[in-house]
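In what follows, chains are A, B, ... by sequence order, proteins preceding strands, each numbered from 1.
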There are 2 protein chains.
Amino acid sequence: MGTMGDMTEPRWLTDEEQHVWRAYLHATTLLEDHLDRQLQRDAGMPHIYYGLLVQLSQAPRRRLRMTELAKSAKITRSRLSHAVARLEKNGWVRRENCPSDKRGQFARLTDEGTEVLRRNAPGHVAAVRQALFDRLSPEQVKQLGTIMRVMAEGLEPTDADADLPWLR
Amino acid sequence: MGTMGDMTEPRWLTDEEQHVWRAYLHATTLLEDHLDRQLQRDAGMPHIYYGLLVQLSQAPRRRLRMTELAKSAKITRSRLSHAVARLEKNGWVRRENCPSDKRGQFARLTDEGTEVLRRNAPGHVAAVRQALFDRLSPEQVKQLGTIMRVMAEGLEPTDADADLPWLR
DNA sequence: TCGATATAGTTCAACTTTCAAGGATGAGTC
DNA sequence: GACTCATCCTTGAAAGTTGAACTATATCGA
């Protein structure tokens, strides 16, 4: 239980760490904003919603259980419920009952949703390329991949977290 | 006008690029969620609000014009207005008129706000350290800094954007 | 079979963000 | 000064997110 509350002087960030941290916050928010605007403008939905459609498009039979989809998009089930309701209104997703588990729901990508994805994928890829991959050397792309995987490892929900419902 | 609409086959992402892109999305959302929860729990505000207080704490006389603050936090003025209203309710920020420009407002960090920051800085730094800097080699920290700066360069609002109000 | 507990998903209320106006002041030009 | 246009910030409504409460179904063990 000692994550806080000890009186030892914390290890502050070095100057370099501070600069890197600011650069990180700056770059990641710029990119997220950029992609959000690009997709909102061209596809009529924010980046995260687009991500949901992508997940569905890659799933067998273009459908996933709500909980699966929530996990792979790393959002809460609550948020997903709202999001799917909206996408359903757009006609891009449809809910289906799960025969084997009466509590369950599938979210299925409709043909219309598939079409939206097909139309917007090129623009989205172009945006990601232009912002990221076309600006980094192959070396740097590798480095970025490694670094991101290290970060994720440290943040991955562990089994311990499963006992802590308030973490989700 | 030619950002889209040409019929040439887009350059899709290579396998490696796809993996890196997913790792990026995964890691950055995990980290943002983690910091949001940590600060919401300990300080009673989300990460971005905490960032506003930090900016103010580092400004001369612990105050900034609204537009300056919005720029440095990279959020819209509208969003900032709402956010400051909330922080004002908490007693952590106070608005002050600008004598030299009657349209202007300062947001000033109150003593109470300073105290909240003092109390929560150690926990926040620890979270950032634990998630990032303590897991990366010095080499990787440098690489991350370089990569993030390259990204930001490509996304930085240019003079051209100034003509496009819908970009903000 | 019953009861306890866990899981799937939704809903509600509070809060936050976005988008489109809008009111006020400043700056440039005639 | 008066006109026009830009800038500063706020507002209100709609949309999105969060966290907790809730319904329904499933699962496990006695």
Asks: Between atom NZ in A:Lys102 and atom C1' in C:dA6, what is the gap in whole Å?
Replies: 19 Å

Asks: Tell me: CG of A:Asn97 to P of D:dA24, nearest whole Å?
Replies: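 So the two atoms are 15 Å apart, to the nearest Å.
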
Asks: What residues form a side chain to side chain donor-acceptor pair (under 3.5 Å) with A:Gln38, not counting sequence neighbours?
Replies: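 Side chain to side chain donor-acceptor pair (under 3.5 Å) list for A:Gln38, sorted by chain: A:Asp42.
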
Asks: Taking atom P of D:dC9 as reference, at what distance in whole Å does atom NZ of B:Lys71 sit?
Replies: 10 Å

Asks: List in numerical order all residues of residues 47-60 of chain B for which some heavy atom is under 4.0 Å away from an atom belonging to DNA chain D.
Replies: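 The stretch gives none, as no residue of it lies under 4.0 Å from the strand.
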
Asks: If I take atom CZ in residue A:Arg79 and atom C1' in nucleotide D:dT18, what distance separates them, rounded to the nearest angstrom?
Replies: 10 Å

Asks: Any pair with a residue in residues 137-152 of chain A that passes salt bridge (Lys or Arg N to Asp or Glu O under 4.0 Å), sequence neighbours left out, goes on the list, sorted by first then second residue, please.
Replies: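 Non-adjacent pairs meeting salt bridge (Lys or Arg N to Asp or Glu O under 4.0 Å): zero.
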
Asks: Can B:Asp111 and B:Arg118 be counted as an ion pair, charged N to O under 4.0 angstrom?
Replies: no

Asks: What is the separation between atom CD on B:Glu88 and atom P on C:dC15, rounded to the nearest whole Å?
Replies: 17 Å

Asks: Excluding sequence neighbours, so at least two apart, what forms side chain to side chain contact (heavy atoms under 4.5 Å, CB included) with B:Ala43?
Replies: B:Leu39, B:Met45, B:Asn120

Asks: I'd like to check the ring-ring contact (aromatic ring centres under 6.0 Å, His included) partners of B:Tyr24; sequence neighbours left out, ordered by chain and number.
Replies: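 ring-ring contact (aromatic ring centres under 6.0 Å, His included) check on B:Tyr24 returns B:Trp21.
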
Asks: Could you pick out which residue, A:Gln40 or A:Leu80, lies toward the 5' side of DNA chain C when each is mapped onto its nearest nucleotide?
Replies: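 The residue closer to the strand's 5' end, by nearest nucleotide, is A:Leu80.
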
Asks: Report yes or no: is there a donor-acceptor pair, N or O only, under 3.5 Å between the side chain of B:Ser78 and the base of C:dC19?
Replies: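 Result: at least one qualifying N/O pair found.
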
Asks: CZ of A:Arg86 versus C1' of D:dT17: gap in Å, rounded?
Replies: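 Rounded to whole Å, this separation is 14 Å.
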
Asks: Return the set of residues passing side chain to side chain donor-acceptor pair (under 3.5 Å) with B:Ser78 (not counting sequence neighbours), or none when no residue passes.
Replies: none

Asks: Partners of B:Arg103 by side chain to side chain donor-acceptor pair (under 3.5 Å), sequence neighbours excluded?
Replies: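 Once residues adjacent in sequence are excluded, the partners of B:Arg103 under the side chain to side chain donor-acceptor pair (under 3.5 Å) criterion are B:Asp101.
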
Asks: Starting from P on D:dT10, measure out to NE2 on B:His82 and report it in whole angstrom.
Replies: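 Taking atom P of D:dT10 as the reference, NE2 of B:His82 is at 10 Å.
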
Asks: How many whole angstroms separate atom CG of B:Asp33 from atom P of D:dT17?
Replies: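 The answer, rounded to whole Å, is 12 Å.
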
Asks: By side chain to side chain donor-acceptor pair (under 3.5 Å), which residues pair with A:Ser57, not counting sequence neighbours?
Replies: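 Partners of A:Ser57 by the side chain to side chain donor-acceptor pair (under 3.5 Å) criterion come out as none, since no residue qualifies.
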
Asks: Please check if the number of heavy atoms outside A:Gln140 that lie under 6.0 Å from its CD is greater than 12.
Replies: yes

Asks: Between N or O atoms, less than 3.5 Å apart, protein on one side and nucleotides 7-9 of chain C on the other: list the pairs.
Replies:
unit_1	atom_1	unit_2	atom_2	d
C:dT7	O2	A:Arg103	NH1	2.5
C:dA8	O3'	A:Arg65	NH2	3.2
C:dG9	OP1	A:Arg65	NE	3.0
C:dG9	OP1	A:Met66	N	3.4
C:dG9	OP1	A:Gln105	N	2.9
C:dG9	OP1	A:Gln105	O	3.0
C:dG9	OP2	A:Thr67	N	2.7
C:dG9	OP2	A:Thr67	OG1	2.2
C:dG9	N7	A:Arg77	NE	3.4

